Enquirer: 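Take this structure, written in structure tokens, and hold onto it; I'll ask about it next.
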Amino acid sequence: MRKAGTFLCGIIVAGLLAGCGSTMPDLTQEETDIISEYAVGILLKYDKNHGSRLVDTSEYENVVEETPEEIPEPEQEPEPEIPENDTEVVDVSQDAEAVSIPSTIEEYYGIEGVTFQYLGYDLAASYPPGADGEDVFFAMDATEGSQLLVLRFMATNTTSSDLILNMMDYGVKFRISVNGETGQSALTTMLLDDLQTYKDILPAGYSVELVSIVEIPQSSSVETIDFIMRGGDESATMSLQ
């Protein structure tokens with residue numbers, strides 16, 4: 001095929017040159033090569049059996065570039081809800097500091113202008129002492145097998161004016177515990193100096209001795225004494241000794 005093409009090129013070149021005139025012009029080698037390449041190109045153009053080495057891209061021109069489908073992002077699982085803690089937090093530290101335990105009779109009952117001081121105790125078979133043979137308004141004796149524990153207090157008017165001290169107005173209730181045992185109610189008496197029922201005028205700066213009495217077994221010795229004050233639903237305890 002290559003030889004036949006060359007032969008045909010020679011004929012075409014000769015014909016082209018003949019058409020220009022009877023006289024064949026002198027051509028340089030470069031000009032001859034150009035004419036030969038031109039002729040070969042024409043032959044190849046019309047040669048049906050010659051396949052072009054160039055790729056015909058016309059069939060790809062109408063191809064629409066498709067956009068790749070977007071890959072959906074995986075659905076994220078919802079985060080678990082954290083339940084809120086509705087429990088109310090109460091700070092009791094300040095309340096604990098604010099609460100004070102009354103340490104005196106006047107503080108517990110809110111008695112103003114008067115102070116009460118514990119003086120000590122007596123053990124006796126009767127009260128007041130030396131009542132035998134004396135004309136007293138009221139005296140009391142211990143029951144058989146018991147003795148009287150007499151607690152002594154000093155009430156003092158600390159103001160510059162006379163005051164009426166009426167202990168019954170305060171709803172006074174006392175219990176006395178000896179040696180850690182269950183407290184017993186102080187005896188209710190008609191004694192004029194009974195701390196639970198005392199009512200009288202205290203002059204300015206004046207002091208009066210008052211008592212609170214309970215019965216204990218005759219054989220008991222006193223080691224500790226707790227004086228328990230009660231008013232309403234609240235109570236307070238004074239450790240006397």
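These figures come from a predicted structure and were not determined experimentally.
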Enquirer: With the side chain counted from C-beta on, respond yes when L149 and Y121 share a heavy-atom pair under 4.5 Å apart, and no when they do not.
Expert: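 Side-chain contact under 4.5 Å: yes.
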Enquirer: With a 4.5 Å cut-off on side-chain heavy-atom distances among I, L, V, M, F, W and Y, is there a chain of contacts connecting V150 to L187?
Expert: yes
Enquirer: Where is the tightest heavy-atom contact between S207 and M154, given as atom of each residue plus distance?
Expert: CB-SD, 3.5 Å
Enquirer: Heavy atoms only: give me the nearest R230-S235 pair and the separation to one decimal.
Expert: CG-CB, 3.8 Å
Enquirer: Looking only at non-hydrogen atoms, find the nearest pair between L191 and P128 and report the distance.
Expert: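 In terms of heavy atoms, the two residues are closest at CD2-CD, 4.3 Å.
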Enquirer: Do D226 and L240 have side-chain heavy atoms sitting under 4.5 Å apart?
Expert: no
Enquirer: List the atom of L210, the atom of A155, and the distance in Å for their closest heavy-atom pair.
Expert: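 Taking L210 first and A155 second, the nearest heavy atoms are CD1-CB, 4.1 Å.
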Enquirer: Among pairs that include at least one residue of residues 189-201, which meet side-chain hydrogen bond (donor to acceptor under 3.5 Å, both in side chains), considering only residues two or more places apart or in two chains?
Expert: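 Qualifying pairs: Y127-D193, T189-D194.
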Enquirer: Mind checking the OG1-CD1 spacing from T115 to I105? Nearest 0.5 Å is all I need.
Expert: 10.0 Å
Enquirer: Could you note down all residue pairs passing ring pair (Phe, Tyr, Trp, His ring centres under 6.0 Å) where residues 205-235 supplies at least one of them, sequence neighbours left out?
Expert: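 Matches after skipping sequence neighbours: F153-F227, F174-F227.
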Enquirer: Any sub-3.5 Å donor-acceptor pair from N157's side-chain atoms to P203's backbone N or O?
Expert: yes
Enquirer: Between the side chain of E106 and the main-chain N/O of I111, is any donor-acceptor distance below 3.5 Å?
Expert: no
Enquirer: Ignoring hydrogens and angles, tell me if any N or O in the side chain of T156 forms a donor-acceptor pair with the backbone of T158 under 3.5 Å.
Expert: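 The answer is no, because no donor-acceptor pair under 3.5 Å joins these two groups.
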Enquirer: Identify whether M190 and L151 are in the same connected component of the hydrophobic contact network (ILVMFWY, side-chain heavy atoms under 4.5 Å).
Expert: no
Enquirer: Going through the distances and angles, do R152 and V211 end up as a side chain to side chain contact (heavy atoms under 4.5 Å, CB included)?
Expert: CA-CA 5 Å; R152 296 184 290 109; V211 296; 4.2 Å; yes
Enquirer: If you define the side chain from C-beta out and look only at heavy atoms, does anything of L119 sit under 4.5 Å from E209?
Expert: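 Contact flag for L119/E209 side chains = yes.
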Enquirer: Got more than 12 heavy atoms from elsewhere within 6.0 Å of CD1, I201?
Expert: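 Count not over threshold, so no.
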Enquirer: If you apply the rule side chain to side chain contact (heavy atoms under 4.5 Å, CB included), what do you find for Q184 with I176, and how did you get there?
Expert: CA-CA 5 Å; Q184 302 180 58; I176 300 169; 5.9 Å; no
Enquirer: Output, in order, the C-alpha distance, side-chain angles, deciding distance and verdict of side chain to side chain contact (heavy atoms under 4.5 Å, CB included) for I213 and M140.
Expert: CA-CA 10 Å; I213 303 174; M140 60 184 305; 3.9 Å; yes
Enquirer: Taking the side chain as every heavy atom from C-beta outward, state whether M238 and Y108 have any pair of such atoms under 4.5 Å apart.
Expert: no
Enquirer: Measuring only between side-chain heavy atoms, which start at C-beta, is Y118 closer than 4.5 Å to Q241?
Expert: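 The answer is yes, as the side chains (C-beta and beyond) meet within the 4.5 Å cut-off.
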Enquirer: Could you tell me if the side chain of I216 sits less than 4.5 Å from the side chain of L123, heavy atoms only?
Expert: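 L123 reaches I216 side chain to side chain.
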Enquirer: Evaluate M229 against Y109 for side chain to side chain contact (heavy atoms under 4.5 Å, CB included), listing each step before the verdict.
Expert: CA-CA 9 Å; M229 301 170 287; Y109 290 103; 3.7 Å; yes
Enquirer: Give every residue pair that meets the side-chain hydrogen bond (donor to acceptor under 3.5 Å, both in side chains) criterion with at least one member in residues 171-181, sequence neighbours excluded.
Expert: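 Matches after skipping sequence neighbours: R175-S185.
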Enquirer: Just by modelled atom types, is the S146 backbone N or O under 3.5 Å from a matching donor or acceptor in the T143 side chain?
Expert: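 No, T143 side chain to S146 backbone: no donor-acceptor pair under 3.5 Å.
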Enquirer: How close do D162 and A204 get, heavy atom to heavy atom, and via which atoms?
Expert: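 Minimum heavy-atom contact is OD1-N, 2.9 Å.
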Enquirer: Answer with yes or no whether the hydrophobic clustering places V172 together with L165; edges join I, L, V, M, F, W, Y residues whose side-chain heavy atoms lie under 4.5 Å apart.
Expert: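 Same hydrophobic cluster.
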